[in-house]
Amino acid sequence: MPVDGEVPWSKAPHTEAKHKIFRAYLARWYPILLSENGYPSVTYAEGFAGPGVYKDGSPGSPVIAIQALLGTPELANTKKTTRFVFVDNDPRCVKILGEQLRANFPVRPRPLDLMPVSVVEGTCAEAFEPALEAVGAWHQPILAVFDSWGNAPVPYRLIRRLAQNPSSEVVVTFMPQHFTRFVSTLGGEVDAVFGHDSSWREVADIQDGSKKKGFLLGKYRKMLKEAGFQFLLDFELVTKKGESLYLIFGTNHRRGLEKMKQSVWEVDAQYGIGFRDPKDEFGEALFDLDDPQLAPLERMLVERLSSRESVRVETLREFSLFSTVYREQHVIPALVQLRERNSISCDRPRIERAAMVKLL
Ligand SMILES: C[S@@+](CC[C@H](N)C(=O)[O-])C[C@H]1O[C@@H](n2cnc3c(N)ncnc32)[C@H](O)[C@@H]1O
């Protein structure tokens, strides 16, 4: 892998799943934001864009993002503006990305003024904000993807500005391992990743590996909340070898959260990838939506019910949406299983949204 490694590089096992999630989310994001009643323009921007291609010839995320737009039938004739901004600090990546964009889209798919594409060499910290400025992206929705090697060197000020920009969202790749491994050698500038809060360094006092990960993710989530993102979704992509990568999504729109969840749950075991809710203390893999593993959700529901008398099913659906990686639709099947095991009771014969449930 770069810094010194070759460009392009071989695709890591998580990458296929990550791209599938991006594709699925973008197929929803563009038509919602650019609908008739939506915004006049949007910007898709990457702070760590990569070369746009992998060693096996498969496309990188910048190419995928443009393909997703062109593959959206609702927008075939749109007159709205779609901007693309790609920043990378490795000159080799910048050069290859330019070549890849030309090779994948030999004929300009949309007029220049309706689809400016900007490829910029520089660090995310220094070049991203000016690059957005240069294409006039601010004050219109921005989907900012920060897919670094997991160290997320993104200034807090930038995250805050994005959180305050209309209908803007972030997707961040986060590798807790990076911080745990180098906690004693990483300088003060890394505190900026956590919103200039050095308390992430307390991770050095935690012994248990999975608690360390949970602690750091908690710190990162806290930073995103303080920056202004109301709804967060973080999940762990896990390969069969047990290597993991976290994606953290921040939005201020319930619909964004719902659509990202829907996209995540579409990733199936096809690529040998599972995913986990980092907040589930048992760290159980979730796999496949057709046959979702509901045990982690059942545990979380039982915990949620233990502090209340009776709770409305709709309240548990909201809990699931906002506080777990599960979708609202998973709650009733989980409650049905809990009732079959006599763990809960329900005031109606059928467990439905308006019903009340209670721990037995
Ligand atoms: C994980 S790769 C991106 C992969 C790409 N998003 C994809 O899915 O095809 C990370 C990229 O970040 C670049 N990079 C590393 N540190 C950077 C920094 N501080 N600013 C900008 N780019 C950086 C690397 O050159 C590399 O191309």
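All ligand and atom numbering here is 1-based and tracks the order in the structure. Start at 1 with the first residue, then count along the sequence.
- At least one heavy atom of Gly122 sits closer than 4.0 Å to an atom of ligand 1.
- Distances from atom 5 (C) of ligand 1 to the heavy atoms of Pro51, Pro62, Ser58, Ser61 put Ser61 nearest.
- Proximity of Tyr54 to ligand 1 is established by a heavy-atom distance of less than 4.0 Å.
- Using a cutoff of 4.0 Å between basic side-chain nitrogens and carboxylate oxygens, Arg161 and Glu133 are scored as salt-bridged.
- Taking the centre of each ring, Tyr30 and Tyr44 stay at or above the 6.0 Å mark.
- Under a 4.0 Å criterion applied to the non-hydrogen atoms of Ala49, ligand 1 contributes the atoms 5 (C), 6 (N).
- Residue contacts with ligand 1: Glu46 is placed with a nitrogen or oxygen under 3.5 Å of a nitrogen or oxygen of the ligand (distance criterion only).
- Numbered from 1 in the order shown, with element, the atoms of ligand 1 that lie under 4.0 Å from a heavy atom of Gly60 read 9 (O).
- Below 4.0 Å from some heavy atom of Gly50 lie the following atoms of ligand 1, by number and element: 27 (O).
- Ring geometry, His196 versus Tyr156: the interplanar angle exceeds 60°, so the pair is classed perpendicular (tilted spans 30 to 60°).
- By the 3.5 Å distance cut-off applied to N or O atoms, Asp90 is not counted among the residues near ligand 1.
- Heavy-atom distances between Trp9 and ligand 1 reach below 4.0 Å in at least one pair.
- Between Arg254 and Glu258 a salt bridge is recorded (basic side-chain N to carboxylate O distance below 4.0 Å).
- Residue contacts with ligand 1: Pro153 is placed with no nitrogen or oxygen under 3.5 Å of a nitrogen or oxygen of the ligand (distance criterion only).
- Ligand 1 has a nitrogen or oxygen under 3.5 angstrom from a nitrogen or oxygen of Asn89.
- Checking side-chain atoms of Thr324 against main-chain N and O of Tyr326 turns up a donor-acceptor pair under 3.5 Å.
- Taking only nitrogen or oxygen atoms, main chain and side chain alike, Lys18 does not reach within less than 3.5 Å of ligand 1.
- Of all atoms in ligand 1, numbered sequentially from 1 with element shown, those under 4.0 Å from a heavy atom of Ser148 are 1 (C).
- Near Asp147, meaning under 4.0 Å from one of its heavy atoms, ligand 1 places the atoms 1 (C), 2 (S), 3 (C), 4 (C), 5 (C), 6 (N), 7 (C), 8 (O), 10 (C).
- When ring centroids are compared, Phe128 and Phe146 come within the 6.0 Å threshold.
- Less than 4.0 angstrom separates some heavy atom of Gly47 from each of these atoms of ligand 1: 21 (C), 22 (N).
- For ligand 1, none of its N or O atoms has an N or O atom of Thr123 under 3.5 Å away.
- For the pair Arg110 (side chain) and Thr78 (backbone), a donor-acceptor distance under 3.5 Å is present.
- Residue Met115 comes nearest to Pro109 through the heavy atom pair CE-CG, 4.0 Å, listed as atom of the first residue, atom of the second, then distance.
- A cation-pi arrangement is absent between Lys219 and Phe194 under the rule of less than 6.0 angstrom and at most 45 degrees off the ring axis.
- One option in Phe128, Phe22, Phe48 has a heavy atom closer to atom 18 (C) of ligand 1 than any other, and that option is Phe48.
- Taking a cutoff of 4.0 Å between a charged side-chain nitrogen and a carboxylate oxygen, Glu318 and Arg312 do not qualify as a salt bridge.
- Between Lys261 and Glu328, no side-chain nitrogen of the basic residue sits less than 4.0 Å from a carboxylate oxygen of the acidic one, so the salt-bridge criterion is not met.
- Taking each of Val171, Val120, Asp88, Val94 in turn, the one with a heavy atom nearest to atom 11 (C) of ligand 1 proves to be Asp88.
- With respect to the salt-bridge test (charged N to carboxylate O, under 4.0 angstrom), the residues Glu303 and Arg299 do not qualify.
- Contacts of Ala127 with ligand 1, taken as heavy-atom pairs under 4.0 Å, are absent altogether.
- The distance from ligand 1 to the heavy atoms of Cys93 drops below 4.0 Å at these ligand atoms: 25 (O), 27 (O).
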